[in-house]
Each structure stands twice: as structure tokens, then as C-alpha cells.
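None of the values given here were measured: they were computed from a predicted structure.
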Amino acid sequence: MAEGTPTGGVVAPSSESEQPGTARDLAVPVPAHVEARTGDPFVIGPGVRVVTDGSTEAVAVAVMAASRLHRLSDVPVAVLHEDDGTPGSVVLALADAATVGVPAGTDASLAHEAYRIDVTADRAVLTAVSGAGLLHAAHTLQQCAVPGAEPATWTVAPQLVVDHPRFAWRGLCLDVARHFFGVPDLLRVLDLMASLKLNVLHLHLTDDQGWRLDVPSRPALAAVSGLTAVGGDPGGYYSSQDWAQLLGYAASRHVTVVPEIDLPGHVNAALHALGELTPSGRPARAYTGIDVGFSRLHVDLPATRPFLHDVLGDVAAMTPGPWVHVGGDEVLTMEPAEYRALVRAAVEELAAAGKTVVGWQEVASALDGPPAPGEGPALEEALASAVVQYWDEREGAEEVTRAAAHGARVVLSPATRVYLDMRYDAATPVGLEWAGHVEVRDSYEWEPLDVLPGVPADRVLGVEAALWTETVRTSEDLFLLLLPRLAAVAEVAWSRADARGWDSFAARLPRQTARWDERGYTWYRSPQVPWSAGR
């Protein structure tokens with residue numbers, strides 16, 4: 001009910017009515033507080049209307065909700081800006097955190113996304129601190145709707161829901177460099193993310209195999225290296241218009257896009273397009289394999305620092321969000337001093353452009369230590385506020401812990417849990433296996449604060465799944481690996497540890513598949529989940 005594109009959806013009606021359950025029985029992620037109430041259910045059907053408080057945020061969600069209801073019931077659904085108390089209304093309004101019911105002392109970044117749902121037989125009232133919270137509330141309400149006794153009707157049990165996220169950063173990293181996925185595919189990904197209350201789309205835009213964003217200062221990057229991909233498959237890149245469309249759509253779903261320009265390794269696509277970045281001055285050959293660690297920038301080349309200044313400046317100017325990711329992983333042929341100098345140069349460029357840097361865990365080694373000649377207080381402040389993304393559980397824990405002690409925040413992406421390019425099992429038709437097989441239960445049954453025990457809880461910014469595309473060639477491949485594991489990661493990132501559990505999640509998960517089917521998503525029928533329970 002919360003989305004205005006054909007990919008949104010309430011559970012489709014069946015031939016038999018069902019007894020509605022509460023959000024604790026039906027919603028993914030599970031809310032923080034759910035109170036069942038007595039009385040008749042709220043009926044969504046002909047005559048339903050959406051009422052707002054007139055705020056821009058409420059109106060935007062109301063229009064999407066009304067569009068969804070219209071498609072399901074095939075009757076017009078009015079959006080009104082005055083509540084006259086008429087029964088059958090879905091009411092959307094903004095309120096302060098205390099009115100919504102957010103516990104005192106909740107971090108402001110978490111309270112910002114809080115929402116409240118009051119359902120009685122007459123109406124469903126959705127209140128939230130922000131437009132993001134209203135969208136979350138609408139998604140929870142749609143998950144609570146079950147088919148009614150009459151055609152084209154749905155019922156929602158009387159209940160009170162008060163909810164807010166556990167972590168502020170709830171993300172998905174998608175590699176579009178190894179294989180390119182165009183704007184239509186990414187819009188479908190954004191719809192899925194919003195339905196699961198994920199709020200960060202981290203796009204891995206550059207690597208050895210391709211360059212996917214057209215930047216004004218270096219048009220050859222996209223024109224030359226936008227054409228290549230793994231295995232010689234078709235490439236592609238996002239024009240400035242494509243990028244603006246993607247960012248606008250993400251903003252309407254309250255998802256922040258974090259672009260990644262990978263450096264100082266994983267740069268063969270840049271070297272292929274710009275020969276001045278190589279010691280010989282000649283362009284590198286195009287690379288379409290999947291090996292890592294062989295390409296690098298050179299700190300002593302005259303073209304390197306202008307490249308960082310121009311490209312990172314372009315990306316920062318093109319992207320309204322607060323973060324730009326600089327990669328920093330798997331640089332296997334560079335001395336530590338040169339690595340440190342290049343990472344700190346990238347941080348300095350982004351700080352000058354007003355952005356906070358994010359990097360994979362390897363960048364932690366470049367964040368601390370005495371300043372080099374020419375480094376000033378602004379760089380030191382930027383280094384201390386960086387975000388470090390932990391992915392490789394085999395190494396690096398001490399460096400990340402030390403960076404957190406000096407001020408850095410940490411995003412957790414442990415590969416054995418949330419690298420969704422890992423196969424479910426040996427028979428999975430796509431995916432890799434270097435971190436083992438990752439089943440749905442593996443993605444669900446872990447505690448983020450246990451991953452790095454030396455990092456204080458207040459330094460953990462959040463959780464992010466990752467899907468690398470060495471073997472992922474089609475949207476069917478993409479969603480098969482995402483679902484249902486992305487739902488598991490979303491609940492880990494959103495829900496309190498004491499509110500969730502595997503048996504409950506496995507019982508609620510089958511309810512989501514009707515919406516996935518309606519949206520045309522492929523998904524994996526894991527033997528760990530009783531899928532027939534939700535059909």
C-alpha cells in the first residue's frame with residue numbers, strides 16, 4: 001500500500017478470508033512494540049480514503065498509498081487534507097517523538113524514523129516523526145492486511161504499533177561494476193529496500209572491469225570503460241540524467257545513495273581509459289576476469305592527484321547525500337606508506353567537498369598516526385569522523401577497533417553472514433563460495449555487537465549486506481541471491497535483539513512472498529523455511 005509504482009503491494013486477496021494477526025505475527029522487520037486490541041478489524045475496501053495533515057511528507061506517502069489501493073480495489077481512492085472523522089480512513093500525520101511514543105533518550109537519528117500505528121474498526125491512524133517514518137508505517141500496515149470476506153477487501157486487526165530502528169545505517173551494497181544493472185533494475189531494488197525499511201543503497205560504481213558513472217571532468221572514463229564487463233558481457237554506465245533519476249527515486253523512498261569510487265586499487269578500468277595514470281603513460285588493457293589485487297594508482301605520478309581532485313569532486317557534487325565511499329580494499333601490490341598517502345589524499349578531497357568518507361576496513365590503517373607534511377586540522381577531523389566498513393573476518397579487527405577508539409564509526413558487513421553473492425548451497429546456480437555457503441538462517445542468526453567486541457555499541461553505525469556480481473548477469477540472478485536473505489539482514493538491522501528470533505522470523509517470512517511474486521522478483525525457496533504456511 002505504500003508504493004506508487006507497479007512494484008508495490010499488499011498481500012493479494014485469496015478466495016477465503018483470513019483472521020488478521022498483529023504486526024508481531026506478520027511484519028518483517030518485526031516492530032519494537034505491538035499491543036493487540038479487542039474489537040472488529042479495520043476493513044480496507046471500497047470507500048476507503050487516505051487523509052493527511054497537509055504536510056509535504058504526509059501527502060507524498062498518501063499519494064503512493066492511494067495509488068496502490070486503487071490498483072488493488074479498482075475503485076478511486078481519494079486523498080484528503082482534512083479529517084472529518086469519517087470511518088474507513090487511513091490517516092497520515094507528522095508528530096513529535098513523544099507523541100509517537102519514542103522512548104526518552106532514544107538517539108535522534110533513530111527517533112527520526114519512528115512511527116506509530118493505531119488501528120480500530122473505524123480507522124487506521126499512522127503518525128511519525130518524519131516522512132521516512134510515515135513510509136515505514138505504511139509498509140507495516142500493508143503487511144498486516146490479510147484478505148477479507150468480500151472481494152477486493154482486506155482486514156487489519158485492531159492493534160497499537162510503536163516502532164523505531166535499532167541502527168541508523170541499514171544498507172545494501174550492490175556491485176554494478178563487474179556486471180552493469182541499469183536504472184530500471186535499480187528502481188526495483190529500491191522498492192524492495194523500502195519495503196524492508198532499508199535506507200542506504202551503496203553502489204560499487206568502479207572496479208577493474210568497468211566504470212559506471214559519467215563524470216564531467218573525465219568523460220573518457222564512462223565512454224571507454226563503461227563499455228566493458230566480466231566475461232566480455234555488455235557494459236553500460238549512468239549518465240548524469242540517469243544518476244539524477246536514480247537519486248530522486250531513492251529520495252522518495254527515503255533511501256540515501258552512497259557512491260563508491262574504488263581506489264587506490266581495483267582501478268584497471270580507470271587505467272584503461274586514462275593512460276596518464278600508468279607509469280608508462282599508455283592505457284592498460286581492458287580486463288574482464290575476476291581476479292583482484294593487481295591494479296593500483298601511483299602517488300608519484302603528476303596525473304594522480306588531479307584525478308582524485310576532479311573525479312571525487314564531481315561525484316560529491318552530483319550526489320546530495322553526506323557520504324562517498326572510496327573502497328580501499330585488496331590493494332596487494334603497494335607499500336603501506338604509499339597506500340596511506342593515497343587514502344588520506346582521497347579523504348582530504350572529499351572533506352573539501354563537504355563529504356564524509358566511507359571505506360572498507362583496510363582504510364583503518366591510514367586513519368591514525370601523525371600528520372604528514374602539509375596535512376592540516378581539517379584532514380585530521382575528517383579522518384576521525386570516517387566510516388569504516390568491516391567485511392573480512394579473517395583479519396583487520398584490531399585496526400578497525402583502534403579506528404573506532406579514535407572516533408570512526410563502523411558499518412558491519414561480515415562476509416559469512418551478509419555477503420549475498422555467496423551461494424546458498426553447492427547447487428545454487430550463481431554465486432561464489434570463498435566465504436562458504438550463506439543460508440537464510442546464517443544471515444539472520446547473528447548479533448551485530450558481537451562481531452567486534454572491542455568496538456563500543458555507540459560507534460556501530462549499522463549493518464550492510466553486499467552483493468558482488470562476478471557471476472550475476474541478469475536481474476533474475478540478482479533477486480535470487482537477494483531474496484529471502486535480504487529480509488533476514490533487514491530484520492537484524494532494524495529490530496531489537498530481544499524482539500526477534502529465528503522461529504518467529506521463519507513463520508513470518510512466507511507472508512512476504514506474495515508481494516515478491518506480484519513484483520516479479522525471483523527468490524530462493526530455502527528448505528529452512530516453511531513456505532507453505534504463508535500461501
query = Taking Asp329 as the fixed residue, which of Asp262, Asp392, Val292 is the one that meets the side-chain contact (heavy atoms from CB on, under 4.5 Å) rule?
reply =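 It is Asp262, the one option of Asp262, Asp392, Val292 that forms the side-chain contact (heavy atoms from CB on, under 4.5 Å) with Asp329.
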Sole candidate of Arg511, Arg508, Gln512 that passes side-chain contact (heavy atoms from CB on, under 4.5 Å) when paired with Leu26 =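 The option that passes is Arg511.
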Pairwise distance [atom1]([X]) to [atom2]([Y]) - rounded to 0.5 angstrom:
{"X": "Thr52", "Y": "Glu82", "atom1": "OG1", "atom2": "CD", "value": "10.0 Å"}
{"X": "Leu482", "Y": "Thr522", "atom1": "CG", "atom2": "OG1", "value": "8.5 Å"}
{"X": "Met422", "Y": "Glu439", "atom1": "CE", "atom2": "CD", "value": "14.5 Å"}
{"X": "Glu393", "Y": "Gln361", "atom1": "CD", "atom2": "CD", "value": "9.0 Å"}

ask   = Is NZ or CZ of Arg500 both nearer than 6.0 Å to the six-membered ring centre of Tyr444 and within 45° of the ring axis?
value =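 Yes, Arg500 sits over the ring of Tyr444.
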If the plane angle is over 60° it's perpendicular, under 30° parallel, otherwise tilted; pick one for [X] and [Y].
{"X": "Phe479", "Y": "Tyr521", "result": "parallel"}
{"X": "Tyr419", "Y": "Trp434", "result": "perpendicular"}
{"X": "Trp360", "Y": "Trp468", "result": "tilted"}
{"X": "His266", "Y": "His204", "result": "perpendicular"}

query = side-chain contact (heavy atoms from CB on, under 4.5 Å) between Arg49 and Val90: does it pass, once the steps are laid out?
reply = CA-CA 6 Å; Arg49 39 201 247 146; Val90 177; over 6 Å; no
ask   = Are Phe181 and Tyr238 close enough that their ring centers fall under 6.0 Å?
value =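 Centroid separation for Phe181 and Tyr238: 6.0 Å or greater.
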Residues [X] and [Y]: side-chain donor-acceptor under 3.5 angstrom:
{"X": "Tyr115", "Y": "Thr140", "result": "yes"}
{"X": "Ser109", "Y": "Asp107", "result": "yes"}
{"X": "Thr256", "Y": "Trp169", "result": "no"}
{"X": "Thr469", "Y": "Asp175", "result": "yes"}
{"X": "Asp242", "Y": "Tyr237", "result": "no"}
{"X": "Asp442", "Y": "Tyr424", "result": "no"}

request  = Assess whether side-chain contact (heavy atoms from CB on, under 4.5 Å) is satisfied between Leu203 and Leu201, documenting all intermediate values.
outcome  = CA-CA 6 Å; Leu203 288 176; Leu201 176 59; 4.0 Å; yes
message = Please evaluate residues Leu172 and Glu464 with respect to the criterion side-chain contact (heavy atoms from CB on, under 4.5 Å), reporting the C-alpha separation (whole Å), side-chain torsions for both, the decisive distance (0.1 Å), and the verdict.
response = CA-CA 5 Å; Leu172 169 65; Glu464 182 174 289; 5.5 Å; no
